[in-house]
K.L.:
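Could you have a look at this structure, given as structure tokens, before my questions?
Source: prediction; values computed, not measured. To find a chain, count down the sequence lines: A is the first, B the second, and so on, and within it residues start at 1.
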Protein chains: 2
Amino acid sequence: MNVCTYICIVKLETAIQSNKFKNEVHKAGLNILYTAWWLKTITAKELKEYGLTHEQYNVLRILKGKYPDQMCVRDVASRMIEKNSNVPRIIDRLELKKLVKRSNSSIDKRETVITLTQSGISILESCNKKVNELMDGIISINNQEAASLNALLERVRETEK
Amino acid sequence: MNVCTYICIVKLETAIQSNKFKNEVHKAGLNILYTAWWLKTITAKELKEYGLTHEQYNVLRILKGKYPDQMCVRDVASRMIEKNSNVPRIIDRLELKKLVKRSNSSIDKRETVITLTQSGISILESCNKKVNELMDGIISINNQEAASLNALLERVRETEK
DNA sequence: ATCAAATACATGTATATACATGTATTAAAA
DNA sequence: TTTTAATACATGTATATACATGTATTTGAT
């Protein structure tokens, strides 16, 4: 029998020890920031087993999306979740670990093209498995709730000018 | 007349140039991370005018919450949105700018107690004004939508063990 | 064809995160 | 009481963000 021993609900009020929010919109801002930190932290823990940071994992996933095609640095950067990431430097570290390979583009000599190595692919697959298991095990919202959440987050970023 | 010249909707698919999501839950994970980055970036831009980073602003707000009482470093740290922040070092920078003052606790000599200076209070007030104006101007969701969003984010972090 | 602007990437600096370790002080155990 | 463990903070290291600047290459205008 699978017995649920306890349910851990960390309310925002508890997490940041404050309940003085201007309004629900202001609270939502803090809630988004805190939830992102929480998500990053629990995934980083899994990735650490493989010596990868969240950002390095992101770059590997992006490269996998085009594999076996190569990608230039600019293309990788444009797909990053955090747009100001210093992609050349993240690639430096992946290259040191021999998870990716740099080469010069023949089309445009300014470009550096990046390729996943076999080792990069296999570490990515292990990480994906771990991270997916974590998500399935920890995040208990269903697809319908997630869809509402996605719609609301997109509404947050919808700006009129 | 207040004419709305254009509406800027940055969908997640456009932002990270991918539409291959395992399911809505997985997409929600990326959406939370991207929205947090977006929020941080637009606020950081306002704070930069005052030479403050997002984290320094967070520390000042926390100190204001107890003002005129002092707070020890541990108490500040426990209220941070990002729990792994290196609060002593953030305080180093605030102290250099004379926005806070460090002193020794008389009760427990291990503790360092932090006080907002007058200059710290006034810079915080200016920042709050700027940030609130930004939020009101840019975020177009209403309080009811924000309340649903808050409930969903709390559901995301609700884990069974 | 030549020069100026734009592009792609690398690199440098300040600040932050994440985490390990060091130091002084306090609390607790033998 | 003495020793040990825990606590509070400071500091050190690797990696990341945010942003400025440098260099080589390409594009575009004259």
K.L.:
Who passes side chain to side chain contact (heavy atoms under 4.5 Å, CB included) against A:A77, sequence neighbours left out?
P.N.:
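Counting only residues at least two positions away or on another chain, A:A77 forms a side chain to side chain contact (heavy atoms under 4.5 Å, CB included) with A:V87.
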K.L.:
Among residues 27-42 of chain B, which contact DNA chain C at a heavy-atom distance under 4.0 Å?
P.N.:
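Per residue number, the list is empty: none.
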K.L.:
Under 3.5 Å, which N/O atoms of the protein pair with N/O atoms of nucleotides 1-5 of chain C?
P.N.:
none

K.L.:
I need the full list of ring-ring contact (aromatic ring centres under 6.0 Å, His included) pairs touching residues 36-74 of chain B, with sequence neighbours left out, sorted by first then second residue.
P.N.:
B:Y34-B:W37
K.L.:
Does any residue of residues 45-55 of chain A have a heavy atom under 4.0 Å from DNA chain C, and if so, which ones, in number order?
P.N.:
A:K48
K.L.:
Identify the 5'-most and 3'-most nucleotides of DNA chain D with at least one atom closer than 4.0 Å to a non-hydrogen atom of chain A.
P.N.:
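Result: D:dT15 to D:dT26.
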K.L.:
What protein N or O atoms touch nucleotides 24-29 of chain C N or O atoms at under 3.5 angstrom, if any, and at what distances?
P.N.:
unit_1 : atom_1 : unit_2 : atom_2 : d
C:dT26 : OP1    : B:K109 : N      : 3.0

K.L.:
Give the residues of residues 93-101 of chain B touching DNA chain C, defined as any heavy atom closer than 4.0 Å, sorted by residue number.
P.N.:
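Within residues 93-101 of chain B, the residues near DNA chain C are B:R93.
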K.L.:
Would you say that A:I141 contacts B:E24 through its side chain, given a criterion of any heavy-atom pair below 4.5 Å between the two side chains?
P.N.:
no
K.L.:
Which residue pairs pass the salt bridge (charged side-chain N to carboxylate O under 4.0 Å, His left out) test when at least one of the two sits in residues 44-60 of chain A, sequence neighbours left out?
P.N.:
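Sorted pair list: A:E49-A:K130.
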K.L.:
In residues 57-87 of chain A, what residues come within less than 4.0 Å of DNA chain C, judged by heavy atoms?
P.N.:
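Of all residues in residues 57-87 of chain A, the ones placing a heavy atom under 4.0 Å from DNA chain C are A:C72, A:V73, A:R74, A:N86.
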K.L.:
Check side chain to side chain contact (heavy atoms under 4.5 Å, CB included) between B:D75 and all other residues, then give those that pass, not counting sequence neighbours.
P.N.:
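If we apply the side chain to side chain contact (heavy atoms under 4.5 Å, CB included) test to B:D75, skipping adjacent residues, the hits are B:M71, B:C72, B:R79.
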K.L.:
Run the ring-ring contact (aromatic ring centres under 6.0 Å, His included) test against A:F21 and tell me which residues pass, sequence neighbours left out.
P.N.:
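Per chain and number, A:F21 pairs via ring-ring contact (aromatic ring centres under 6.0 Å, His included) with no residue.
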